[in-house]
Amino acid sequence: MAALLELNRVSAGYGPIEVLREISLDVGEGEMVAMIGANGAGKSTMLRCISGCLRPVRGEIRFDGRGTAGVAPHELVGRGLAHAPEGRRIFPRLTVAENLELGAYRRRDRDAIERDVHSVYELFPVLRERRHQAGGTLSGGEQQMLALARAWMARPRLLLLDEPSLGLAPRVSEKVFEVLRRWHGEGMAILLVEQNARQALAISERAYVLEHGEIRLSGPARELAADPRVQQAYLGA
Ligand code: ATP
(Lines give C-alpha, C1' and ligand atoms only; values in the text may rest on other atoms or scores of the structure.)
Protein backbone atom coordinates (compact mmCIF):
# COMPACT_ATOMS: atom_id res chain seq x y z
CA MET A 1 0.00 0.00 0.00
CA ALA A 2 1.32 3.45 -0.87
CA ALA A 3 2.16 5.65 2.09
CA LEU A 4 0.02 8.70 2.82
CA LEU A 5 3.15 10.79 3.35
CA GLU A 6 6.53 10.01 1.90
CA LEU A 7 9.80 11.90 2.16
CA ASN A 8 12.51 10.78 -0.17
CA ARG A 9 16.01 12.05 0.64
CA VAL A 10 14.87 15.51 1.60
CA SER A 11 17.50 18.11 2.42
CA ALA A 12 16.57 21.59 3.61
CA GLY A 13 17.84 24.57 5.53
CA TYR A 14 17.88 28.31 5.82
CA GLY A 15 20.09 30.09 3.32
CA PRO A 16 23.55 28.60 3.58
CA ILE A 17 22.69 26.64 6.74
CA GLU A 18 21.83 23.05 5.98
CA VAL A 19 19.54 21.70 8.69
CA LEU A 20 18.13 18.47 7.22
CA ARG A 21 20.19 15.96 5.28
CA GLU A 22 18.65 13.27 3.11
CA ILE A 23 15.62 12.58 5.27
CA SER A 24 13.54 9.62 4.13
CA LEU A 25 10.45 8.61 6.02
CA ASP A 26 6.86 7.63 5.55
CA VAL A 27 3.55 7.70 7.37
CA GLY A 28 0.79 5.29 6.40
CA GLU A 29 -2.93 6.02 6.23
CA GLY A 30 -4.24 6.20 9.80
CA GLU A 31 -0.83 5.60 11.34
CA MET A 32 0.63 7.38 14.38
CA VAL A 33 4.33 8.03 13.97
CA ALA A 34 6.59 9.83 16.43
CA MET A 35 9.66 11.88 15.66
CA ILE A 36 11.97 12.35 18.57
CA GLY A 37 15.21 14.28 18.77
CA ALA A 38 17.06 16.87 20.78
CA ASN A 39 16.53 20.63 20.56
CA GLY A 40 17.77 21.93 17.26
CA ALA A 41 17.86 18.51 15.58
CA GLY A 42 15.64 19.86 12.81
CA LYS A 43 12.23 18.49 13.74
CA SER A 44 10.30 21.72 13.24
CA THR A 45 12.17 22.35 10.00
CA MET A 46 11.04 18.95 8.76
CA LEU A 47 7.41 19.72 9.57
CA ARG A 48 7.69 23.08 7.81
CA CYS A 49 8.90 21.28 4.69
CA ILE A 50 6.01 18.81 4.83
CA SER A 51 3.36 21.51 5.24
CA GLY A 52 4.80 23.49 2.34
CA CYS A 53 6.08 26.43 4.41
CA LEU A 54 9.70 25.72 3.56
CA ARG A 55 10.94 24.46 0.24
CA PRO A 56 13.43 21.58 0.38
CA VAL A 57 16.74 22.13 -1.39
CA ARG A 58 16.79 18.54 -2.61
CA GLY A 59 14.60 15.47 -2.47
CA GLU A 60 10.93 14.83 -2.87
CA ILE A 61 7.87 14.96 -0.64
CA ARG A 62 4.71 13.13 -1.67
CA PHE A 63 1.36 13.42 0.02
CA ASP A 64 -1.45 11.10 -0.98
CA GLY A 65 0.58 9.90 -3.96
CA ARG A 66 1.30 13.37 -5.39
CA GLY A 67 4.40 15.52 -5.16
CA THR A 68 4.07 18.67 -3.06
CA ALA A 69 6.78 20.76 -4.72
CA GLY A 70 5.41 24.21 -5.50
CA VAL A 71 2.07 23.50 -3.80
CA ALA A 72 1.02 26.30 -1.41
CA PRO A 73 0.42 25.41 2.26
CA HIS A 74 -3.31 26.24 2.05
CA GLU A 75 -3.69 23.92 -0.93
CA LEU A 76 -2.12 21.14 1.10
CA VAL A 77 -4.67 21.82 3.83
CA GLY A 78 -7.29 21.34 1.15
CA ARG A 79 -5.74 17.97 0.31
CA GLY A 80 -6.02 16.87 3.92
CA LEU A 81 -2.86 17.95 5.66
CA ALA A 82 -2.99 20.13 8.79
CA HIS A 83 -0.07 21.47 10.78
CA ALA A 84 -0.19 22.66 14.39
CA PRO A 85 3.13 24.47 14.68
CA GLU A 86 5.14 24.87 17.84
CA GLY A 87 4.34 27.86 20.00
CA ARG A 88 0.58 28.19 20.24
CA ARG A 89 -0.12 29.98 17.02
CA ILE A 90 -3.70 30.97 17.52
CA PHE A 91 -5.49 34.14 16.47
CA PRO A 92 -5.25 36.18 19.68
CA ARG A 93 -8.01 38.69 18.89
CA LEU A 94 -10.56 36.12 17.78
CA THR A 95 -12.61 34.23 20.32
CA VAL A 96 -12.02 30.59 21.10
CA ALA A 97 -15.13 29.65 19.10
CA GLU A 98 -13.96 31.73 16.12
CA ASN A 99 -10.53 30.10 16.23
CA LEU A 100 -12.16 26.69 16.04
CA GLU A 101 -14.43 27.78 13.19
CA LEU A 102 -11.39 28.98 11.28
CA GLY A 103 -9.82 25.57 11.60
CA ALA A 104 -12.76 24.25 9.61
CA TYR A 105 -12.75 27.03 7.02
CA ARG A 106 -12.40 24.66 4.08
CA ARG A 107 -15.24 22.43 5.15
CA ARG A 108 -18.82 22.80 3.98
CA ASP A 109 -20.47 20.24 6.26
CA ARG A 110 -22.09 22.71 8.71
CA ASP A 111 -23.75 20.08 10.89
CA ALA A 112 -20.61 18.03 11.20
CA ILE A 113 -18.59 21.15 12.03
CA GLU A 114 -20.97 21.94 14.86
CA ARG A 115 -20.70 18.41 16.15
CA ASP A 116 -16.92 18.65 16.03
CA VAL A 117 -16.91 21.93 17.96
CA HIS A 118 -19.08 20.24 20.52
CA SER A 119 -16.69 17.31 20.65
CA VAL A 120 -13.73 19.67 21.23
CA TYR A 121 -15.63 21.22 24.14
CA GLU A 122 -16.25 17.77 25.57
CA LEU A 123 -12.56 16.93 25.35
CA PHE A 124 -11.40 20.30 26.68
CA PRO A 125 -14.16 21.71 28.92
CA VAL A 126 -12.06 24.79 29.68
CA LEU A 127 -12.38 25.81 26.02
CA ARG A 128 -16.15 25.68 26.33
CA GLU A 129 -16.00 27.88 29.42
CA ARG A 130 -13.86 30.36 27.55
CA ARG A 131 -15.52 30.10 24.16
CA HIS A 132 -16.48 33.79 24.01
CA GLN A 133 -13.09 34.96 25.25
CA ALA A 134 -10.35 36.25 22.94
CA GLY A 135 -7.75 33.54 22.31
CA GLY A 136 -4.97 35.84 23.43
CA THR A 137 -6.40 36.04 26.95
CA LEU A 138 -6.10 32.29 27.54
CA SER A 139 -3.26 30.79 29.55
CA GLY A 140 -0.38 29.23 27.65
CA GLY A 141 -1.66 25.71 28.22
CA GLU A 142 -5.17 26.66 27.11
CA GLN A 143 -3.82 28.29 23.95
CA GLN A 144 -1.96 25.09 23.23
CA MET A 145 -5.14 23.05 23.55
CA LEU A 146 -6.86 25.53 21.26
CA ALA A 147 -4.10 25.30 18.64
CA LEU A 148 -4.33 21.53 18.70
CA ALA A 149 -8.11 21.52 18.48
CA ARG A 150 -8.08 24.09 15.68
CA ALA A 151 -5.79 21.91 13.57
CA TRP A 152 -8.07 18.93 14.21
CA MET A 153 -11.13 20.96 13.14
CA ALA A 154 -9.81 20.77 9.57
CA ARG A 155 -10.45 17.02 9.92
CA PRO A 156 -7.20 16.29 8.11
CA ARG A 157 -6.09 12.89 6.92
CA LEU A 158 -2.69 13.70 8.37
CA LEU A 159 -2.15 15.92 11.38
CA LEU A 160 1.36 17.30 11.92
CA LEU A 161 1.98 18.20 15.53
CA ASP A 162 4.96 20.11 16.82
CA GLU A 163 5.53 19.55 20.53
CA PRO A 164 1.88 19.57 21.61
CA SER A 165 2.81 18.87 25.24
CA LEU A 166 5.64 21.39 25.56
CA GLY A 167 5.43 23.41 28.75
CA LEU A 168 2.17 21.86 29.89
CA ALA A 169 1.51 20.79 33.46
CA PRO A 170 1.74 16.97 33.73
CA ARG A 171 -2.01 16.55 34.09
CA VAL A 172 -2.76 18.65 31.02
CA SER A 173 -0.05 16.89 29.08
CA GLU A 174 -1.62 13.52 29.96
CA LYS A 175 -4.90 14.84 28.67
CA VAL A 176 -3.34 15.92 25.38
CA PHE A 177 -1.88 12.45 24.82
CA GLU A 178 -5.22 10.89 25.66
CA VAL A 179 -6.91 13.10 23.07
CA LEU A 180 -4.29 12.21 20.45
CA ARG A 181 -4.84 8.52 21.11
CA ARG A 182 -8.52 9.02 20.61
CA TRP A 183 -8.16 10.95 17.34
CA HIS A 184 -5.78 8.30 16.08
CA GLY A 185 -8.30 5.65 17.08
CA GLU A 186 -10.82 7.42 14.85
CA GLY A 187 -8.53 6.84 11.89
CA MET A 188 -6.51 10.04 11.64
CA ALA A 189 -2.83 9.72 10.74
CA ILE A 190 -0.57 11.73 13.04
CA LEU A 191 3.07 12.69 12.76
CA LEU A 192 4.01 13.67 16.28
CA VAL A 193 7.14 15.66 17.03
CA GLU A 194 7.77 15.45 20.76
CA GLN A 195 10.29 16.20 23.46
CA ASN A 196 8.41 13.87 25.74
CA ALA A 197 9.87 10.79 24.11
CA ARG A 198 8.46 8.39 26.65
CA GLN A 199 4.85 9.42 26.04
CA ALA A 200 5.35 9.78 22.31
CA LEU A 201 6.76 6.26 21.99
CA ALA A 202 4.01 4.90 24.21
CA ILE A 203 1.20 6.10 21.95
CA SER A 204 2.84 5.70 18.53
CA GLU A 205 3.15 2.68 16.30
CA ARG A 206 6.47 3.62 14.75
CA ALA A 207 9.08 6.24 15.40
CA TYR A 208 12.10 7.97 13.97
CA VAL A 209 15.03 9.46 15.83
CA LEU A 210 16.42 12.63 14.30
CA GLU A 211 19.92 13.72 15.25
CA HIS A 212 21.73 16.68 13.73
CA GLY A 213 19.41 16.72 10.76
CA GLU A 214 19.68 13.02 9.96
CA ILE A 215 17.51 10.02 10.73
CA ARG A 216 19.62 7.89 13.05
CA LEU A 217 17.15 5.20 14.09
CA SER A 218 13.72 4.08 13.06
CA GLY A 219 11.37 1.20 13.74
CA PRO A 220 8.40 0.08 15.79
CA ALA A 221 7.96 2.46 18.73
CA ARG A 222 8.05 -0.40 21.21
CA GLU A 223 11.42 -1.57 19.92
CA LEU A 224 12.89 1.91 19.99
CA ALA A 225 11.65 2.40 23.56
CA ALA A 226 13.63 -0.74 24.51
CA ASP A 227 16.76 0.30 22.60
CA PRO A 228 19.56 1.22 25.03
CA ARG A 229 20.69 4.09 22.76
CA VAL A 230 17.22 5.63 22.88
CA GLN A 231 16.87 4.96 26.58
CA GLN A 232 20.13 6.65 27.35
CA ALA A 233 19.68 9.68 25.11
CA TYR A 234 15.94 10.32 25.33
CA LEU A 235 14.38 8.37 28.15
CA GLY A 236 16.69 9.40 30.95
CA ALA A 237 17.76 5.82 31.66
P1 ATP B 1 13.37 22.65 18.78
O2 ATP B 1 12.68 21.55 19.48
O3 ATP B 1 14.34 23.38 19.63
O4 ATP B 1 12.45 23.56 18.00
P5 ATP B 1 13.97 21.33 16.31
O6 ATP B 1 14.48 19.94 16.27
O7 ATP B 1 12.54 21.54 16.00
O8 ATP B 1 14.31 21.93 17.71
P9 ATP B 1 14.49 23.30 14.31
O10 ATP B 1 13.62 24.31 14.94
O11 ATP B 1 14.04 22.63 13.09
O12 ATP B 1 14.88 22.17 15.37
O13 ATP B 1 15.91 23.97 14.08
C14 ATP B 1 17.00 23.28 13.51
C15 ATP B 1 18.14 24.25 13.28
O16 ATP B 1 17.73 25.23 12.32
C17 ATP B 1 18.57 25.01 14.51
O18 ATP B 1 19.98 25.08 14.49
C19 ATP B 1 17.98 26.38 14.33
O20 ATP B 1 18.78 27.36 14.92
C21 ATP B 1 17.94 26.53 12.83
N22 ATP B 1 16.81 27.37 12.38
C23 ATP B 1 15.51 27.17 12.66
N24 ATP B 1 14.73 28.12 12.09
C25 ATP B 1 15.58 28.95 11.43
C26 ATP B 1 15.40 30.12 10.62
N27 ATP B 1 14.19 30.62 10.38
N28 ATP B 1 16.51 30.70 10.12
C29 ATP B 1 17.74 30.19 10.37
N30 ATP B 1 17.97 29.09 11.09
C31 ATP B 1 16.92 28.47 11.62
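Indexing begins at 1, ligand by ligand and atom by atom, following the structure's order.
Of all heavy-atom pairs between Cys49 and Leu20, the closest is SG-CD1, 4.3 Å. Shown here for Ala207 and Leu224, the closest heavy-atom pair between the two residues is O-CD1, 3.4 Å.
Here Gln195 has side-chain heavy atoms under 4.0 Å from ligand 1, and that is the only part of it that gets that close. In Asn39, the parts holding a heavy atom less than 4.0 Å from any atom of ligand 1 are both the side chain and the backbone.
For atom 12 (O) of ligand 1, the candidate residues are Gly37, Ala38, Gly42; the nearest heavy-atom contact is made by Gly42. Closest to atom 2 (O) of ligand 1 by heavy atom, among His212, Met35, Glu163, is Glu163.
Atom-to-atom distance recorded for Phe63:CZ and Arg157:CZ is 5.5 Å, nearest 0.5 angstrom. Expressed to the nearest 0.5 Å, how far NE2 of His118 lies from CD1 of Ile113 amounts to 15.5 Å.
Of the protein's non-hydrogen atoms, the one nearest atom 11 (O) of ligand 1 is Thr45 OG1, 2.5 Å. Given atom 16 (O) of ligand 1, the protein heavy atom at minimum distance is Val19 CG2, 3.3 Å. Protein heavy atom nearest atom 5 (P) of ligand 1, with residue, atom name and distance: Lys43 N, 3.4 Å. From the protein, the heavy atom lying nearest to atom 10 (O) of ligand 1 is Ser44 CB, 3.6 Å. If you check which protein heavy atom lies closest to atom 28 (N) of ligand 1, you get Tyr14 CG, 3.4 Å.
In this structure the side chain of Tyr208 reaches within 4.5 angstrom of the side chain of Val33, judged on heavy atoms. Between Asn196 and Phe177 the shortest side-chain heavy-atom distance falls below 4.5 Å.
Within 6.0 Å of atom CZ in Arg106, more than 12 heavy atoms from other residues, nucleotides or ligands are found, so the atom counts as buried in its surroundings.
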